[in-house]
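What you see below is based on every heavy atom in this structure, not just the backbone, and it leaves out hydrogens, waters and symmetry mates.
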Amino acid sequence: MLAVPSQVLAAAPVDRAYIKSLAAPGKTVLVIEYYDGANTVVARKGYASATGFRALSAVDVRLDSETTLHLYGVEPCEGEMVNQREGFSGSCSDFGQQHLQVHLKSPKVILCRAFVSEENAPQQDVTCFGYYYFPGVLESVDNFEEQLLSIGALRLAKKQDGSPMRPDLVEAEKIGRLGYGMWADPRTRP
């Protein structure tokens, strides 16, 4: 059963036209798609906020008073860290939370995917994509976990056997390990 969520979370790429169609003027839209074992969307929930969504931790996003979204398969490093390039000194968790909040600040749409068993859970394991649009400058769809790993804000969480929980994101972590974010501090290297 542990393999099924990672297969669902690594589902097909996001359809740019679809995610763009979810945008609403003056609001940040968040849609959660729930997948079954055959990678079929069986349910959707949508939220809109004029003020956006908030990071509760390096890997958790407050959706409403009853629901938290948890970025699956990633985690902050442990303890304290220093990143002189970014002027940061403090806990790994605070560093990750700051970067997650940056990713939550300006997307027009956040599309999250989860396994159908997560639909009514108070804390839902998800993978999320942001649709960013700045006229004439930028239009992109980026996976949150991939971006946070590649800038060194988070690292891959491991299973008990030491293998990564999200093998689809190994390459993103390799980029971060080149000396970005937490990896700029030699104390965070395993």
Side-chain angles (χ1 to χ4, degrees), residues 1-11 14 19 22 28-37 39 41-49 51-79 81 91-107 109-131 141-170 172-173 176 181-182 188:
M1 186 68 165
L2 289 175
V4 174
S6 66
Q7 291 171 354
V8 170
L9 293 170
V14 173
I19 195 169
L22 299 171
T28 300
V29 174
L30 189 146
V31 174
I32 307 168
E33 294 181 335
Y34 297 96
Y35 286 78
D36 64 11
N39 281 340
V41 176
V42 294
R44 285 187 178 89
K45 289 184 182 176
Y47 303 84
S49 172
T51 58
F53 298 91
R54 293 251 152 275
L56 292 178
S57 72
V59 293
D60 295 309
V61 177
R62 169 67 67 197
L63 190 53
D64 58 28
S65 63
E66 300 172 4
T67 310
T68 301
L69 302 179
H70 178 80
L71 298 179
Y72 175 77
V74 293
E75 64 187 10
C77 56
E78 295 178 18
M81 60 164 279
S91 75
C92 291
S93 292
D94 287 348
F95 185 74
Q97 184 174 354
Q98 285 178 11
H99 282 280
L100 176 56
Q101 190 59 51
V102 168
H103 279 74
L104 292 169
K105 185 175 180 175
S106 57
V109 177
I110 300 169
L111 176 66
C112 297
R113 293 176 170 171
F115 196 57
V116 70
S117 63
E118 302 291 317
E119 186 174 3
N120 296 312
Q123 182 175 11
Q124 301 179 12
D125 285 340
V126 297
T127 185
C128 294
F129 300 82
Y131 167 64
V141 175
D142 298 319
N143 176 266
F144 282 14
E145 298 89 357
E146 182 179 1
Q147 294 296 312
L148 293 166
L149 287 167
S150 66
I151 62 172
L154 297 175
R155 65 183 181 189
L156 286 170
K158 305 282 187 197
K159 296 179 189 175
Q160 286 185 338
D161 67 4
S163 64
M165 291 178 79
R166 294 282 304 270
D168 59 310
L169 297 174
V170 168
E173 185 181 74
M182 75 171 90
T188 60

- request: Before accepting this row, confirm whether a basic side-chain N of the pair K159/D161 lies closer than 4.0 Å to the acidic partner's carboxylate O.
  value: no
message: Can you confirm whether D142 sits close enough to Y131 that some side-chain heavy atom of one is under 4.5 Å from a side-chain heavy atom of the other?
response: no
message: With side-chain hydrogen bond (donor to acceptor under 3.5 Å, both in side chains) as the criterion, how do T127 and E145 come out once you've worked through the C-alpha distance, each side chain's angles and the decisive distance to 0.1 Å?
response: CA-CA 7 Å; T127 185; E145 298 89 357; 2.8 Å; yes
Student check: side-chain heavy atoms of C128 and L71 closer than 4.5 Å: yes
field: side chain to side chain contact (heavy atoms under 4.5 Å, CB included) assessment of V29 paired with Y47
entry: CA-CA 6 Å; V29 174; Y47 303 84; over 6 Å; no
message: Walk me through whether R113 and Y35 qualify under side-chain hydrogen bond (donor to acceptor under 3.5 Å, both in side chains).
response: CA-CA 7 Å; R113 293 176 170 171; Y35 286 78; 3.2 Å; yes
field: From CD1 (I110) to CG (L63), nearest 0.5 Å
entry: 9.5 Å
task: Show your working on side chain to side chain contact (heavy atoms under 4.5 Å, CB included) between I151 and H99 and close with a plain yes or no.
output: CA-CA 9 Å; I151 62 172; H99 282 280; 3.4 Å; yes
message: S93: which residues meet the side-chain hydrogen bond (donor to acceptor under 3.5 Å, both in side chains) condition with it, sequence neighbours left out?
response: none
query: Taking atom SG of C112 and atom CZ of F129, what is their separation to the nearest 0.5 Å?
result: 9.0 Å
Residues in side-chain hydrogen bond (donor to acceptor under 3.5 Å, both in side chains) contact with S106, at least two apart in sequence or another chain: none
- prompt: Should the heavy atoms of other residues, nucleotides or ligands under 6.0 Å from CD of Q123 be counted, would the total exceed 12?
  reply: yes
statement: Across all chains, not counting sequence neighbours, the side chain to side chain contact (heavy atoms under 4.5 Å, CB included) partners of K158 are none
Which residues share a side-chain hydrogen bond (donor to acceptor under 3.5 Å, both in side chains) with E118, sequence neighbours left out: none
Derivation and outcome, side chain to side chain contact (heavy atoms under 4.5 Å, CB included), residues I32 and L69: CA-CA 10 Å; I32 307 168; L69 302 179; 3.7 Å; yes
message: Using side-chain heavy atoms (C-beta onward) and a distance below 4.5 Å, is L148 in contact with L100?
response: yes
message: Working note: Q124 + Y34, criterion side-chain hydrogen bond (donor to acceptor under 3.5 Å, both in side chains); need CA distance, chi angles, decisive distance, verdict.
response: CA-CA 10 Å; Q124 301 179 12; Y34 297 96; 2.7 Å; yes
- line: A121 and T67 have their tightest heavy-atom pair at O-CG2, 4.2 Å
message: Could you measure the distance from the CD atom of Q101 to the CG atom of L56? Nearest 0.5 Å is fine.
response: 9.5 Å
- request: Applying side-chain hydrogen bond (donor to acceptor under 3.5 Å, both in side chains), name anything that partners Q98, two or more places apart in sequence or on another chain.
  value: none
- prompt: What is the distance from atom CG of L154 to atom CE of M182, rounded to the nearest 0.5 Å?
  reply: 5.5 Å
- prompt: Is the closest side-chain heavy-atom distance between V41 and R44 below 4.5 Å?
  reply: yes
- prompt: What residue pairs, at least two apart or across chains, pass salt bridge (charged side-chain N to carboxylate O under 4.0 Å, His left out) with a residue in residues 57-76?
  reply: E75-R155
message: With heavy-atom distances below 4.5 Å as the criterion, would you say the side chains of F53 and T28 are in contact?
response: yes
message: V61 vs V126, test: side chain to side chain contact (heavy atoms under 4.5 Å, CB included). Steps then yes/no.
response: CA-CA 10 Å; V61 177; V126 297; over 6 Å; no
field: Side-chain donor or acceptor of K45 paired with backbone N/O of L30 under 3.5 Å
entry: no
message: Return the CD to SG distance between Q97 and C92, rounded to the nearest 0.5 Å.
response: 13.0 Å
